[in-house]
Amino acid sequence: MRDAASHHPASNFMQLIAGQGAVDLAQALIGARLSLRGCGGIIIETEAYTAEDPASHSHRGPTPRNASMFGPAGHAYVYRSYGIHLCLNVVARPAEAVLIRALTPDHGLDAMQDRRGDRSLCDGPGRLTQALDVRITDDGAPFDGGDLAIALPPQPQPLLQGPRIGISRAQDLPWRFGLAGASGLSRRFPS
DNA sequence: GGACCGATTCGCT
DNA sequence: GCGAATCGGTCCT
């Protein structure tokens with residue numbers, strides 16, 4: 001695993017991703033360090049959702065719920081899933097976002113364990129938002145190095161690729177990405 | 001106003 | 001493997 005010094009500074013994240021689509025950003029985020037108010041880890045699993053994508057919340061146009069997905073790049077899109085969990089996305093460009101599905105936790109472990117108990121911390125989109133204490137009020141907040149920060153890895157990481165999880169439409173699109181060799185993925189990738 | 005459905009997780013069988 | 005928990009959005013009537 002890479003150490004913090006080898007990542008790009010978190011303050012540069014929003015400029016570094018300028019103009020990228022969600023499919024590119026989903027791959028670029030593998031190996032990045034995500035931090036939220038002092039807790040976080042290395043992103044090991046993502047999914048891309050785009051404007052023309054029938055599985056994307058943005059597909060039917062803006063609503064109060066998905067408004068931040070149509071906002072500027074590098075901001076968070078946080079929504080409630082199944083009435084119970086929150087899911088955390090990074091907006092790529094308007095109407096496109098990347099769902100963060102799993103992390104390898106590497107700082108703030110005590111606080112995460114307080115919130116998750118004696119269970120896996122970050123190997124699923126709802127689990128990691130609980131571990132990191134993502135709140136619905138984080139919807140629309142920038143990943144600018146304040147409460148929310150992302151530091152990209154210095155070079156592309158070895159990737160796994162496969163179909164997205166838990167969707168009923170566009171199931172053929174291979175827009176789920178993982179860090180090759182990582183443990184703690186939310187599910188295995190098909191071989 | 002009402003039915004249906006999730007970008008999920010957990011506990012039980 | 002299966003069903004419950006839980007609620008806002010969306011698409012009807």
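Each chain gets a letter, A, B and so on, in the order its sequence line appears, and its residues count up from 1. On a predicted model such as this, the values are computed, not experimentally measured, just so you know.
Residue contacts shown for A:R65 are limited to sugar-phosphate atoms, with no base heavy atom under 4.0 Å away. When heavy atoms are screened at a 4.0 angstrom cut-off, A:N89 is found touching base atoms of the nucleic acid.
Tracing side-chain contacts under 4.5 Å through hydrophobic residues (I, L, V, M, F, W, Y), one never reaches A:L88 starting from A:Y49; they form parts of separate clusters.
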Once each nucleotide of nucleotides 8-13 of chain B is scored for protein heavy atoms under 4.0 Å, what B/S/- sequence comes out, 5' to 3'?
BSS---
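Between A:R60 and the phosphate of C:dG9, there is no side-chain N or O to OP1/OP2 separation shorter than 4.0 Å.
A heavy-atom distance below 4.5 Å is found between the side chains of A:L36 and A:D138.
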Based on Watson-Crick and G-U pairs with both distances under 3.5 Å, what dot-bracket line describes DNA chain C 5' to 3', crossing pairs as [ ] and inter-strand pairs as |?
|||||.||||||.
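If you check C:dT10, B:dG6, B:dA7 against the side chain of A:S168, the one that comes closest is B:dG6.
When the shell of 6.0 Å around CZ of A:R116 is examined, it contains more than 12 heavy atoms from other residues, nucleotides or ligands.
Taking the charged nitrogens against the carboxylate oxygens, A:D139 and A:R65 have no contact shorter than 4.0 Å, which rules out a salt bridge.
Going from atom CD of A:Q171 over to atom C1' of B:dG6 covers 13 Å, rounded to whole Å. Rounded to whole Å, atom P of C:dT10 lies 10 Å from atom NE2 of A:H57.
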